[in-house]
Amino acid sequence: MTEKKELTCIKCPRGCGILVELEQGSIVAISGNQCNNGKEYAKKEVTNPTRILTTTVKVLKGTEKVVAVKSKEEIPKEKLLPAMEQIRKAAVEAPVVLGETILEDLCDTGIPLVATASVARKRDC
């Protein structure tokens, strides 16, 4: 029995509608993509979906209350919610420098969480 999955490609502005056909968990056909990026996206999305995680982390003694952060690499999609729970509990003390590692190992992936902005320390702290 053939299983069909419909995807919208996010690799370029075209947003192609892609149809992936699977038999017993193996890809047998990919259609609808207008470029090879779409085909590669569909393969990965069906077999091992991953995402870059972007969010914020609480800053202590900073001129801002939070700092923007992201995973340095894509993490498995099923780890997004557990990673957000780990991040919710995290806090970093100012100053924070762009590119600074905030968490060394995001949700046991081996992938660090890094700052995508800088936050200065409050002068009265």
I'd like to know if [Y] and [X] are part of one continuous hydrophobic network [Ile/Leu/Val/Met/Phe/Trp/Tyr, side-chain heavy atoms within less than 4.5 Å].
{"X": "V97", "Y": "V59", "value": "no"}
{"X": "L22", "Y": "I18", "value": "yes"}
{"X": "V114", "Y": "V92", "value": "no"}

*Can you tell me which residue pairs pass the side-chain hydrogen bond (donor to acceptor under 3.5 Å, both in side chains) test with a partner in residues 8-29, sequence neighbours excluded?*
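Found T2-E23.
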_Show every side-chain hydrogen bond (donor to acceptor under 3.5 Å, both in side chains) that has at least one partner inside residues 77-90, sequence neighbours left out._
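Non-adjacent pairs meeting side-chain hydrogen bond (donor to acceptor under 3.5 Å, both in side chains): E85-R88.
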_Residues that K72 engages under salt bridge (charged side-chain N to carboxylate O under 4.0 Å, His left out), provided they are two or more places apart_ =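 K72 satisfies salt bridge (charged side-chain N to carboxylate O under 4.0 Å, His left out) with no residue once adjacent residues are dropped.
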Is there a side-chain contact between [X] and [Y], using heavy atoms and a 4.5 Å cut-off?
{"X": "L106", "Y": "P112", "answer": "no"}
{"X": "K5", "Y": "L19", "answer": "no"}
{"X": "T54", "Y": "T116", "answer": "no"}
{"X": "T56", "Y": "I87", "answer": "no"}

*Can you list the steps and then say if R121 with K61 is a side-chain contact (heavy atoms from CB on, under 4.5 Å)?*
CA-CA 6 Å; R121 187 172 176 92; K61 301 179 183 177; 3.3 Å; yes
Inter-residue atom distance [X].[atom1] - [Y].[atom2], 0.5 Å rounding:
{"X": "L81", "Y": "C107", "atom1": "CG", "atom2": "SG", "result": "9.5 Å"}
{"X": "L103", "Y": "I111", "atom1": "CG", "atom2": "CD1", "result": "12.5 Å"}
{"X": "I52", "Y": "L80", "atom1": "CD1", "atom2": "CG", "result": "10.5 Å"}

*Looking only at non-hydrogen atoms, find the nearest pair between E93 and V96 and report the distance.*
O-CG2, 4.2 Å
*Does E74 pair with K44 as a salt bridge, N-O distance under 4.0 Å?*
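Salt bridge between E74 and K44, a charged N being under 4.0 Å from a carboxylate O: yes.
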_side-chain contact (heavy atoms from CB on, under 4.5 Å) between V57 and L113, worked out_ = CA-CA 10 Å; V57 169; L113 186 72; 4.0 Å; yes
*Supply the members, apart from L60, of the Ile/Leu/Val/Met/Phe/Trp/Tyr cluster built from side-chain contacts under 4.5 Å; use none for a lone residue.*
none
*asked:* Working note: V46 + I30, criterion side-chain contact (heavy atoms from CB on, under 4.5 Å); need CA distance, chi angles, decisive distance, verdict.
replied: CA-CA 11 Å; V46 169; I30 297 174; over 6 Å; no
*Passes side-chain contact (heavy atoms from CB on, under 4.5 Å), L98 versus S118? Steps please.*
CA-CA 5 Å; L98 173 70; S118 296; 3.6 Å; yes
Show every donor-acceptor pair shorter than 3.5 Å between a side-chain atom in residues 33-43 and any protein atom, with sequence neighbours excluded, or say none if there are none.
{"residue": "N33", "atom": "ND2", "partner": "C35", "partner atom": "O", "Å": "3.0"}

Donor-acceptor pairs under 3.5 Å, side chain of residues 62-70 to any protein atom, not counting sequence neighbours: which ones?
{"residue": "T63", "atom": "OG1", "partner": "A120", "partner atom": "O", "Å": "3.4"}

